[in-house]
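Only a predicted model underlies this, so the values are computations on that prediction, with no experimental measurement involved.
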Amino acid sequence: MGQFWTVLSYLHSLAGPSVMLLYPLYASIQAIESTSKLDDEQWLAYWILYSLLTLMEMVAAPVLKWIPIWYQMKVLFVSWLVLPQFRGASFMYQTLVREQLKKVTGSIGKDNDSHSKGKRVMD
């Protein structure tokens with residue numbers, strides 16, 4: 001029975017990095033190489049949300065250490081973001097992040113920067 005728990009703990013410790021980093025890395029590379037823009041949006045949104053989650057964890061670490069199932073909840077949430085059936089990252093970006101950015105900046109995606117007009121910023 002001791003070996004079972006050892007194997008289970010190894011699987012548990014591999015699940016997080018696999019779901020949060022390895023698969024998204026692989027899928028991001030696939031998205032860059034594909035011609036579809038839909039998968040690009042999914043993976044860019046994922047990395048934005050993963051970065052925000054990591055920053056939030058760094059700030060809230062003293063509080064989160066008192067939540068015993070925080071890591072499991074995080075893995076489940078990130079799984080929802082990652083799985084292509086749900087497209088959670090695109091959904092979260094469109095409904096939460098994009099709306100907040102619109103409030104702060106006033107506009108998103110307008111052709112008002114020098115890159116979109118074809119001007120060179122740096123030589």
Side-chain angles (χ1 to χ4, degrees):
M1 190 67 167
Q3 290 178 335
F4 173 74
W5 290 114
T6 303
V7 169
L8 193 61
S9 67
Y10 283 132
L11 289 175
H12 180 266
S13 64
L14 289 175
S18 297
V19 169
M20 291 185 260
L21 296 171
L22 291 177
Y23 177 71
L25 176 64
Y26 170 77
S28 297
I29 292 169
Q30 295 295 96
I32 288 173
E33 297 299 322
S34 77
T35 57
S36 171
K37 295 292 181 196
L38 194 59
D39 54 359
D40 294 354
E41 176 187 321
Q42 164 69 16
W43 294 110
L44 282 171
Y46 171 77
W47 290 112
I48 291 167
L49 292 167
Y50 182 74
S51 298
L52 289 172
L53 180 62
T54 303
L55 289 171
M56 184 274 307
E57 268 188 313
M58 291 168 62
V59 171
V63 174
L64 293 176
K65 74 178 182 181
W66 291 100
I67 302 174
I69 60 168
W70 167 248
Y71 186 74
Q72 290 80 3
M73 292 182 345
K74 178 182 170 183
V75 170
L76 284 174
F77 175 69
V78 171
S79 297
W80 178 75
L81 292 177
V82 166
L83 290 172
Q85 297 88 340
F86 300 115
R87 294 187 41 78
S90 290
F91 174 78
M92 290 290 291
Y93 180 80
Q94 291 295 330
T95 57
L96 295 176
V97 177
R98 191 164 200 268
E99 294 304 316
Q100 293 303 316
L101 286 174
K102 277 184 179 179
K103 288 178 185 176
V104 171
T105 63
S107 66
I108 295 176
K110 289 188 177 180
D111 290 333
N112 58 0
D113 65 332
S114 60
H115 291 292
S116 62
K117 294 180 182 177
K119 296 179 184 174
R120 291 184 68 180
V121 176
M122 297 178 66
D123 289 330

Exercise for the section: Kindly work out whether a path of hydrophobic side-chain contacts (I/L/V/M/F/W/Y, heavy atoms less than 4.5 Å apart) joins Leu22 to Val78. Expected result: no
Exercise for the section: Write down the atom of Asp39, the atom of Ser34, and the distance for their closest heavy-atom approach. Expected result: OD2-OG, 2.7 Å
Problem - From CG (Leu76) to NZ (Lys74), nearest 0.5 Å - result: 12.5 Å
Practice task
Please tell me if the side chains of Glu41 and Gln94 come closer than 4.5 Å, counting only heavy atoms from C-beta onward.
Solution key: yes
Handout entry: Criterion side-chain contact (heavy atoms from CB on, under 4.5 Å) against Trp43, the qualifying member of Val82, Ile29, Leu25, Ile48
Key = Val82
Problem - Any donor-acceptor pair under 3.5 Å from Tyr23 side chain to Leu83 backbone - result: no
Handout entry: Expected output: side-chain Gln42 to main-chain Leu81 donor-acceptor under 3.5 Å
Key = yes
Exercise for the section: Measure across Leu38 and Ser36 and return the closest heavy-atom pair with its distance rounded to 0.1 Å. Expected result: N-OG, 3.1 Å
Practice task
Evaluate the side-chain proximity of Val75 to Met20: yes if any heavy-atom separation is below 4.5 Å, no if none is.
Solution key: yes
Handout entry: Polar contact flag, side-chain donor to acceptor under 3.5 angstrom, Glu57-Trp70
Key = yes
Handout entry: From CE (Met92) to OG1 (Thr95), nearest 0.5 Å
Key = 6.0 Å
Problem - Hphob cluster co-occupancy, Leu44 + Leu96, side-chain heavy atoms under 4.5 angstrom - result: no
Completion exercise
dist Met73:CE -> Leu64:CG (nearest 0.5 Å) comes out at 8.0 Å
Exercise for the section: Verify the neighbour count for atom OH of Tyr71: are there more than 12 heavy atoms of other residues, nucleotides or ligands below 6.0 Å? Expected result: yes
Practice task
Mark yes or no for whether Ser90, through its side chain, and Arg87, through its backbone, hold a donor-acceptor pair below 3.5 Å.
Solution key: no
Completion exercise
dist Tyr26:OH -> Ser28:OG (nearest 0.5 Å) comes out at 11.5 Å
Problem - Minimum side-chain heavy-atom gap Tyr50-Pro24 below 4.5 Å - result: no
Fill in the blank from the handout: In this structure, CG of Leu49 is separated from CZ of Phe91 (nearest 0.5 Å) by 11.5 Å
Handout entry: Joint cluster assignment, Ile69 & Val19, ILVMFWY side-chain distance < 4.5 Å
Key = yes
Problem - From NZ (Lys103) to CG (Leu101), nearest 0.5 Å - result: 11.0 Å
